[in-house]
Visitor: 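Here it is, the structure, as structure tokens.
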Amino acid sequence: MVLSGCAIIVRGQPRGGPPPERQINLSNIRAGALARRAAQGQPDVKDTPDEPWAFQAREFLRKKLIGKEVCFNVEIKTALGREYGMVYLGKDTTGENIAESLVNEGLATVRREGIRGNNPEQARLCELEDQAKASKKGMWSEGGGTHTIRDLKYTIENPRNFVDSLHQKPINAIIEHVRDGSVVRALLLPDYYLVTVMLSGIKCPTFKREADGTESPEPFAAEAKFFTESRLLQRDVQIILESCPNQIILGTILHPNGNITELLLKEGFARCVDWSMAVYTQGAEKLRAAERSAKERKIRIWKDYVAPTANLDQKDRQFVAKVMQVVNADAMVVKLNSGEYKTIHLSSIRPPKNEGEEKNKDKDKRFRPLYDIPYMFEAREFLRKKLIGKKVNVTVDYIRAATGPGESTPAFSERTCATVTIGGIYKCSSAIKNGKGLHSKKEVPIHRVADISGETQKAKQFLPFLQRAGRSEAVVEHVFSGSRLKLYMPKETCLITFLLAGIECPRSARNMPGGMQVAEPFSDQAMLFTKELVLQREVEVEVESMDKAGNFIGWLHIEGVNLSVALVENALSKVHFTAERSPYYKTLVSAEEQCRQRKEKIWANYEEKPVEEVVHLSEEKERVPNYRPVFVTEISDNLHFYAQDVETGAQLETLMETMRAEIAAHPPVEGSYSARRGDYCLAKFADGEWYRARVEKVESPAKVHVFYIDYGNREVVPSTRLAAMPPAFGTRTLPAQATEYTFAFIQVPLDEDARADVVDCIVRDIQNTQCMMNIEYSGASCPHVSIQFGDTKEDVGLGLVKEGLVMVDVRKEKHLQKIVTEYLNSQESAKSARLNIWRYGDFRADDADEFGYRR
């Protein structure tokens, strides 16, 4: 260590521990004194600044000597024990004389009062000083050296703002002091802030201060301090200041030779600390791996370490399992290969918590953690979308013992804490660095989810809406039995109880007013089957009716599978007479008959009875196409498109001309319009013209999402490019001209590249052109149509199938069978020719999502 321009501290090679230190003061010279902070508790004493050129002299020695081997001889030792001598760079006195170098650079003066004429070394120093004066080097230069005095800042008024202002960018620094292995004092350059930094993610043994003022080191505290000192003290480093909780600055020190945080862990001088690891920006998994390495080698602080999973067999410590349910942000239920279910908690993280939960809880409102705790729903959804139904690798890190209830903490059962990886990858997001989720400075998201389960009046009001919607998207939140589920409807932001239509499923055990109702045979198997197939999966539902308790009744589909049919096919349910009116009746009856003949499960004790043959007469309905001309204006990535009716095109042109003339005569005041979601307005497009639009989202005055209602395209614009829509040009005068449609009889590829090829082909062929369109059948969000080219009258969708760009979506309606057969024949031709998606053959038999389609 270099104390000043004329004093250094040296230490020998370590032997069995940190070596002793020795201070050497350079003989016959004097350098300026460095700044000194006033002692705390003495308000009358002021900080002492640097003397001119003092810091430059210190830096000259620091860069020349730190970490280097030196040779020295002691010339004088005072009564107080101070040693004065000469220091040479290298192993002997033939190396560079440090005192002469300082004098030669004009960074130190010679003490001429003690010089003896017969001493050649002292004479050499005087000669070098005279040369420095003549050359006007260093302190002998003109100007007095006031510009060399640092403006040292010992305190920071608002540390958190200071850390945030640096945006986690590396800044240059010099480590001035090492308090213990994981806490240092650093000089930040070039502004000379002197700050104390604690290393993020770890904690080293410390020195405890006793009542009498002495310090007692914890085991390995001195060794950890020496480890950090020998590598960082007075070295040039870069520091990333990562966070500042409770006025404690957390950071990571980057040195060209490595990361001291990881080295301390790897050598057994430190342990991981979860609370500060959350802000570590260099990859928390590296710290875990380094700590694990030290534990396995049982070195230093881990010398007596016993792994919490030491008593587990290898098969229980590492295994592959299928994720069946995500309980919350840090827990999931997995299914082992043996069929056993196990709850796993993710190691070293905790789910979002509701700060001041009891204070904020409305006594009249039932508290629902998933929706009421900020970011709990987002965290659960993140895991659900990534993991549900997937096979993962589980490595048990430790088992947390069960705890009893405390004064302020609830009781917890034993927890298995593990690291879960998928595809061999363990992803650790730099969420704090990027200000994501919990660490974002945005407003906390609020989820207003209405639970209308059992609310008969609300359900009655909601029923017509769901019936008209056709197939609606939903997520299965809970499975009560084989045919009774709780669904979350994302578009409607509500929870409903849903009963499967057309079947009669065995009932589970239930508490009834008259006592416990015994479970019917195979009720548990039916519930388990439904759970494994749909729990927390994204599904589509068709609501047909509701019962008197406010429960909705309908059909549930998952990846093309009808859950009612699946239960019947697996002999876990019977067909109910109400299914006769549904399009799935024949499929249900056929599946039930096959199970009945095999006498499986619920049909094990079935005895055949004579059944009257019933002949069902139905009228054949022919497909009657009614093509009309449309102009295609916009095509989206999911193969939906927007089209204008050619018949009303002249009205739109007239309205646009009149509207633009009105705007030209009375231009809107820029910035006077305040955008609100759902409002109709006028928006200036990139071509400089004004168009009718609807506000879809307002992020800020500079970012307003608008939808052009006459053309179907979307854009993000500043509010200065928006204006109020005059009533004369509103949708009452002329309805929105762009209507959304999608292609009938084809499936949109899930593979991004394949879908991009289809979209490019469609954009090239029909965008901004006039085509002929026929509505074939209705869909959940828009009508499904067939499109013909305006000149050749060739079917566009059929052309995509022939080119092998898409697969056929087989429809069951009788009046559509002729055109569906034509599509299927074209698909077989494309498959035989191995065109585009069929180039590797028929991939559907592999039952693999990664090929880009769902079966």
Side-chain angles (χ1 to χ4, degrees), residues 167 374-375 377-378 381 431 434-449 473 489-493 631-644 651-653 655-742 759 763 767-768 781-782:
H167 304 293
Y375 293 105
F377 180 75
E378 285 78 4
E381 284 295 278
N434 298 325
K436 294 181 179 178
L438 288 164
H439 314 290
S440 171
K441 293 181 173 61
K442 297 179 182 177
E443 287 188 15
V444 173
I446 299 173
H447 297 283
R448 294 184 174 89
V449 180
E473 295 177 355
M489 313 289 286
K491 287 185 179 178
E492 296 78 15
T493 60
F631 190 82
V632 179
T633 57
E634 182 71 9
I635 298 172
S636 64
D637 290 339
N638 61 355
L639 232 58
H640 286 221
F641 63 92
Y642 290 85
Q644 298 172 346
Q651 298 178 43
L652 177 62
E653 288 181 8
L655 181 137
M656 297 299 289
E657 289 174 3
T658 309
M659 183 182 76
R660 287 167 182 167
E662 176 73 19
I663 292 174
H666 304 94
V669 179
E670 187 174 283
S672 62
Y673 177 72
S674 178
R676 291 188 304 176
R677 181 183 175 187
D679 282 358
Y680 287 95
C681 63
L682 299 181
K684 184 184 284 188
F685 190 57
D687 61 2
E689 295 290 346
W690 291 87
Y691 296 89
R692 300 194 300 172
R694 185 179 70 245
V695 178
E696 292 192 323
K697 183 180 178 182
V698 181
E699 286 189 36
S700 66
K703 288 186 177 182
V704 182
H705 298 246
V706 297
F707 170 74
Y708 292 96
I709 62 175
D710 297 317
Y711 294 90
N713 55 320
R714 290 175 166 82
E715 191 182 23
V716 180
V717 299
S719 59
T720 54
R721 281 171 52 189
L722 299 177
M725 181 186 291
F729 308 115
T731 53
R732 290 188 177 182
T733 304
L734 182 67
Q737 292 299 288
T739 306
E740 185 180 10
Y741 303 97
T742 188
V759 173
V763 169
Q767 186 164 359
N768 296 327
S781 59
C782 64

Visitor: Using 0.5 Å steps for rounding, measure from the CD1 atom of Ile709 to the CZ atom of Arg692.
Guide: 4.0 Å
Visitor: Should the pair Phe641 and Tyr741 be assigned to parallel (<30°), tilted (30 to 60°) or perpendicular (>60°) ring geometry?
Guide: tilted
Visitor: Which donor-acceptor pairs under 3.5 Å do side chains of residues 723-738 form with protein atoms, sequence neighbours excluded?
Guide:
from   : atom 1 : to     : atom 2 : distance (Å)
Thr733 : OG1    : Ala728 : O      : 3.0
Gln737 : OE1    : Thr648 : OG1    : 2.5
Gln737 : NE2    : Pro735 : O      : 2.8

Visitor: Mind listing the closest non-hydrogen atom pair of Arg694 and Gly678 along with its distance?
Guide: CG-O, 3.9 Å
Visitor: With sequence neighbours excluded, what pairs up with Tyr680 under the ring pair (Phe, Tyr, Trp, His ring centres under 6.0 Å) test?
Guide: none
Visitor: With sequence neighbours excluded, what pairs up with Thr720 under the side chain to side chain contact (heavy atoms under 4.5 Å, CB included) test?
Guide: Glu670, Pro718
Visitor: As an exercise, state the distance from CD of Glu696 to CD of Glu715, rounded to the nearest 0.5 Å.
Guide: 12.0 Å
Visitor: Of all residues at least two apart in sequence or in a different chain, which pass the side chain to side chain contact (heavy atoms under 4.5 Å, CB included) check with Glu634?
Guide: Tyr642, Asn713, Gln767
Visitor: According to salt bridge (Lys or Arg N to Asp or Glu O under 4.0 Å), who are the partners of Glu381, at least two apart in sequence or on a separate chain?
Guide: Arg384
Visitor: Is it true that atom CG of Asp637 has more than 12 heavy atoms of other residues, nucleotides or ligands lying nearer than 6.0 Å?
Guide: no
Visitor: Should Tyr691 and Met656 count as side-chain neighbours, where that means a heavy-atom distance under 4.5 Å?
Guide: yes
Visitor: Any chance you could lay out the side-chain contact (heavy atoms from CB on, under 4.5 Å) test for Phe631 and Leu652, step after step, and finish with the verdict?
Guide: CA-CA 12 Å; Phe631 190 82; Leu652 177 62; over 6 Å; no
Visitor: Give, for atom CG of Leu722 and atom CG of Leu682, the distance between the pair rounded to the nearest 0.5 Å.
Guide: 9.0 Å
Visitor: About how many Å separate OG1 of Thr742 and CD1 of Ile635, when rounded to the nearest 0.5 Å?
Guide: 11.0 Å
Visitor: Give, for atom CZ of Arg660 and atom CG of Leu655, the distance between the pair rounded to the nearest 0.5 Å.
Guide: 10.0 Å
Visitor: Determine whether Tyr708 and Asp710 satisfy the following criterion, side-chain contact (heavy atoms from CB on, under 4.5 Å), listing intermediate values before the conclusion.
Guide: CA-CA 6 Å; Tyr708 292 96; Asp710 297 317; over 6 Å; no
Visitor: Residues two or more places apart in sequence or in another chain: which of them pass side chain to side chain contact (heavy atoms under 4.5 Å, CB included) with Glu699?
Guide: Lys697, Lys703, His705
Visitor: Return yes if some donor-acceptor pair links the side-chain N/O of Arg721 with the main-chain N/O of Lys684 below 3.5 Å, else return no.
Guide: yes
Visitor: State, yes or no, whether a side-chain contact exists between Tyr673 and Cys681 at a heavy-atom distance under 4.5 Å.
Guide: yes
Visitor: Roughly how far apart are Glu689 CD and Met659 CE, rounded to 0.5 Å?
Guide: 9.0 Å
